[in-house]
2 protein chains.
Amino acid sequence: MRATIRDVAKAAGVSAATVSRALNRPDLVDPETLERVRKAMEEMSYQPSAIARGLSARRSDTLGLIVPGITDFFFNELYKGIDRASQQHGMKVLLYDSEHSRERAFEGFSILSGYQVSGIIFTSKLVTEDYDPILQRLNVPVVLTLTQSVAKTPLTAFRIDEVRAMFDVVAYLVSRGHRQIAMIAGKLWDDRTGELRLEGYREGLRHFGIEYCDARVEFGQYRFDDGYQAMQRLLERIHDVPFTAVCTASDEMALGAIRCLNDHGYRVPDDISVMGFDDLPIARMVTPRLTTVAQPFLEIGEEAVKWLIRAASQPPSPSEIGDYLLPHRLVERESVRSIC
Amino acid sequence: MRATIRDVAKAAGVSAATVSRALNRPDLVDPETLERVRKAMEEMSYQPSAIARGLSARRSDTLGLIVPGITDFFFNELYKGIDRASQQHGMKVLLYDSEHSRERAFEGFSILSGYQVSGIIFTSKLVTEDYDPILQRLNVPVVLTLTQSVAKTPLTAFRIDEVRAMFDVVAYLVSRGHRQIAMIAGKLWDDRTGELRLEGYREGLRHFGIEYCDARVEFGQYRFDDGYQAMQRLLERIHDVPFTAVCTASDEMALGAIRCLNDHGYRVPDDISVMGFDDLPIARMVTPRLTTVAQPFLEIGEEAVKWLIRAASQPPSPSEIGDYLLPHRLVERESVRSIC
DNA sequence: GTCAACAATGAAAGCGTTGACATCGCGAGA
DNA sequence: TCTCGCGATGTCAACGCTTTCATTGTTGAC
């Protein structure tokens with residue numbers, strides 16, 4: 001059986017409380033005693049029970065992370081930021097995959113709170129009013145990443161300015177001589193991001209005096225196959241509504257689109273330019289390397305954790321709750337060509 | 001404040017013990033009482049504290065997962081299998097990223113055991129004798145995935161037959177008319193996989209009467225850039241030691257190799273064929289689609305969890321501990337060409 | 001009619017920590 | 001010399017659950 005705090009206490013000739021203090025508030029214990037306790041812990045290879053600590057202190061040094069799907073390509077990047085920041089604060093991360101289901105997401109909140117997490121990071125799915133009841137009775141801080149909330153409960157979110165980002169994409173494309181720009185937008189029933197990016201696209205067109213045309217827009221659910229199929233639909237009417245460039249709502253869809261283009265004998269970027277969105281690691285590994293907009297996943301993850309930790313120590317004032325927009329960056333690579 | 005088991009008990013007019021039983025052994029409580037308790041739980045939106053339960057019952061319905069790096073591309077696939085199986089058994093997963101550091105891996109074991117996990121899945125890194133002390137004093141079952149152990153402590157592992165897999169690659173290449181086959185092998189200080197795959201390569205050559213040649217082998221640490229650089233070195237001496245095909249130890253390196261080939265004016269597969277290893281999701285997204293060997297990540301994850309859960313309920317007999325080899329599969333796509 | 005067996009429940013003792021409070025010396029100020 | 005203050009430590013009651021053991025009624029066999 002594992003050594004408990006009392007075993008250590010006995011071995012060091014002190015009380016359990018002192019051992020506990022040696023662990024958590026070493027400044028409160030006599031250096032000499034501290035040394036003895038430390039040695040005892042060492043010898044018995046004592047490992048405090050995080051569970052017991054969690055119960056007693058009503059905190060678990062654990063953060064909960066709810067993601068819609070582990071296999072979403074952006075997950076790794078976001079997680080890296082979260083993990084890094086958590087570690088710096090001595091916290092662990094409990095992962096919960098909602099599998100793109102709203103019910104499972106709800107469940108995620110209660111399960112995680114059952115684990116006494118100090119905070120919950122919710123990712124990617126739009127938070128709507130039906131989350132309110134759960135959110136309301138939750139007694140841990142929640143922060144959103146890569147998404148936002150339209151629920152009543154005030155929630156803070158870390159994300160990029162989606163509209164602006166897509167506007168920038170259009171601006172970039174225009175600067176490279178493109179005027180006929182198609183879009184493969186994102187659409188998911190519980191996702192707002194797609195609409196926002198589409199809005200940015202429309203704003204971009206408008207700004208440069210290009211007429212918007214429904215036939216140049218197709219939708220997909222962010223994955224490779226969606227990109228492929230959307231491009232196929234676009235291609236079917238390319239003679240009626242021609243385009244020289246396509247911007248997409250995700251790198252993965254961009255890959256699908258490129259694949260489709262290749263399959264139909266088009267070269268990227270020679271015949272048609274393609275832009276990604278996200279700047280996942282793969283973006284630089286494929287041929288042609290993807291020109292895309294980089295989301296600051298790492299920073300978003302880190303900021304989310306920091307906010308949560310701050311919120312756990314002192315409840316944030318209403319003014320601190322809200323949307324924090326982090327800067328995106330357009331990464332120029334090879335999938336877009338200049339046409340003059 | 002959250003409702004506790006006692007609150008529910010009071011509301012339902014029973015004792016806490018009965019509520020606990022209603023939760024864990026419903027067969028032991030009168031159907032009528034059960035109903036009352038259930039309603040009370042519902043009304044108070046009671047969520048049992050996993051922490052308290054863990055402390056009391058000395059189990060936490062949590063599995064620990066130690067991975068060398070979140071951003072390793074195979075992680076998502078493996079995790080999917082683990083998560084799926086865990087969920088079926090009502091378990092959560094606590095993730096620990098050892099960041100490719102042996103010390104952090106050690107730490108991972110004790111931290112996770114501090115969380116009273118019911119089992120630990122250790123991934124990808126070779127387990128050597130220096131793990132023995134930690135392993136020995138750990139009181140939870142451990143299972144290895146995508147790696148194996150050379151430590152004294154008997155450990156079970158789920159993986160593929162690496163040697164055989166690479167042998168199959170060579171056999172496939174030979175069947176497509178290739179005789180001059182280079183290899184970009186994997187090398188990491190705490191990894192055995194690389195050697196095993198190299199061995200399979202050599203065995204394959206031998207079997208088909210092809211002379212092995214050191215100059216046709218380069219090493220990399222499995223990532224994209226490693227593949228790129230290794231290929232560059234191979235290319236430097238291609239006139240002395242020509243090759244028509246390259247097999248690699250990871251899809252990511254294959255991608256890097258292809259990129260390098262492209263950058264030097266070679267076409268894949270027209271000029272040179274490239275084989276990947278792993279069959280990650282990206283393998284089918286790139287152009288050319290990667291011919292590769294598929295590791296059964298999902299199954300490996302699932303089997304590992306099942307084994308752990310079995311081990312937690314009853315200690316496995318020595319005969320059940322050992323290496324379980326799951327079948328790999330060669331996936332034919334477009335990166336290898338037949339030469340006649 | 002008696003008693004054993006059994007199903008349904010309650011009482012209470014932990015599980016391994018923490019944290020509020022009490023205690024004990026000891027040196028300093030009066 | 002007495003007391004106050006303070007640093008160092010101990011005591012003990014939680015924390016929210018599970019689990020053992022004891023206590024009820026009931027039921028059925030003799």
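Reminder, nothing fancy here: chain letters follow the sequence lines and each chain counts from 1.
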Review point. By side chain to side chain contact (heavy atoms under 4.5 Å, CB included), which residues pair with Ser319(A), not counting sequence neighbours?
Key: Ser317(A)

Review point. Which angle, rounded to 10°, do you find between the first-five-pair axis and the last-five-pair axis of the helix from dG1(C)-dC30(D) to dA30(C)-dT1(D)?
Key: 50°

Point to revise | Set of residues satisfying side-chain hydrogen bond (donor to acceptor under 3.5 Å, both in side chains) with respect to Glu302(A), sequence neighbours excluded | key: none

Can you pull every protein N or O that's under 3.5 Å from an N or O on nucleotides 6-10 of chain D?
residue : atom : partner  : partner atom : Å
dT9(D)  : OP1  : Thr33(A) : OG1          : 2.4
dT9(D)  : OP2  : Asp30(A) : N            : 2.8
dG10(D) : OP2  : Ser15(A) : N            : 2.7
dG10(D) : OP2  : Ser15(A) : OG           : 3.0
dG10(D) : OP2  : Thr18(A) : OG1          : 2.6
dG10(D) : N7   : Arg21(A) : NH2          : 2.9
dG10(D) : O6   : Arg21(A) : NH1          : 3.3

Check your understanding: Rounded to the nearest Å, what distance is computed from the CD atom of residue Glu32(B) to the C1' atom of nucleotide dA8(C)?
Key -> 12 Å

Check your understanding: Any salt bridge (charged side-chain N to carboxylate O under 4.0 Å, His left out) pairs touching residues 33-45 of chain A, not counting sequence neighbours?
Key -> none

Review point. With respect to the phosphate group of dT18(D), does any side-chain polar atom (N or O) of Arg53(B) fall under 4.0 Å of OP1 or OP2?
Key: yes

Check your understanding: Who passes side-chain hydrogen bond (donor to acceptor under 3.5 Å, both in side chains) against Arg84(B), sequence neighbours left out?
Key -> none

Practice item. Write down the distance between CG (Leu23(B)) and P (dC17(D)), rounded to a whole number of angstrom. Key: 9 Å

Check your understanding: Which whole-number value in Å describes the distance from Met41(A) CE to dT17(C) C1'?
Key -> 14 Å

Review point. Which residues in residues 108-116 of chain A have at least one heavy atom lying under 4.0 Å from any atom of DNA chain D?
Key: none

Point to revise | All salt bridge (charged side-chain N to carboxylate O under 4.0 Å, His left out) counterparts of Asp30(B), not counting sequence neighbours | key: none

Point to revise | side chain to side chain donor-acceptor pair (under 3.5 Å) partners of residues 112-134 of chain A, not counting sequence neighbours, each pair once | key: His100(A)-Lys125(A), Arg102(A)-Thr128(A), Arg102(A)-Asp130(A), Ser113(A)-Arg2(B), Tyr115(A)-Thr62(B), Thr123(A)-Thr145(A), Lys125(A)-Asp190(A), Thr128(A)-Asp130(A), Glu129(A)-Lys152(A), Asp132(A)-Thr153(A)

Review point. Below 4.0 angstrom, N of the basic side chain to O of the carboxylate: do Asp61(B) and Lys92(B) qualify?
Key: no

Check your understanding: Without hydrogens or angle criteria, can the side chains of Asp191(A) and Tyr222(A) be said to hold a donor-acceptor pair below 3.5 Å?
Key -> yes

Exercise for review: Can you tell me which residue pairs pass the ring-ring contact (aromatic ring centres under 6.0 Å, His included) test with a partner in residues 37-56 of chain A, sequence neighbours excluded?
Suggested key: none

Check your understanding: Can you check the Leu55(B) CG to dG14(C) C1' distance for me, whole Å?
Key -> 9 Å

Check your understanding: Hey, does the side chain of Ser20(A) come within less than 4.0 Å of dT18(C)'s phosphate (OP1/OP2), counting only N and O?
Key -> yes

Practice item. Please identify each residue that fulfils salt bridge (charged side-chain N to carboxylate O under 4.0 Å, His left out) with Glu77(A), with sequence neighbours left out. Key: none

Review point. Between dG16(C) atom C1' and Arg59(B) atom CZ, what is the distance in whole Å?
Key: 17 Å

Exercise for review: Mind checking the CD1-CG spacing from Ile120(A) to Leu112(A)? Nearest 0.5 Å is all I need.
Suggested key: 5.0 Å

Revision key, fill the gap. Arg2(A) atom CZ is separated from dT17(C) atom C1', nearest whole Å, by 13 Å

**Study point:** Out of dC15(D), dC15(C), dT17(C), whichever nucleotide has its closest atom nearest the side chain of Pro48(A)
**Key:** dT17(C)

Check your understanding: Rounded to the nearest Å, what distance is computed from the CG atom of residue Asn24(A) to the C1' atom of nucleotide dA20(C)?
Key -> 15 Å

Practice item. Keeping to residues at least two apart or across chains, list the ring-ring contact (aromatic ring centres under 6.0 Å, His included) pairs with something in residues 53-78 of chain B. Key: Phe75(B)-Tyr79(B)

**Study point:** Spacing between Arg58(B) atom CZ and dG16(C) atom P, to the nearest angstrom
**Key:** 6 Å

Exercise for review: Counting heavy atoms from C-beta on, name the nucleotide in dT18(D), dG19(C), dG16(D) closest to the side chain of Arg6(B).
Suggested key: dG16(D)

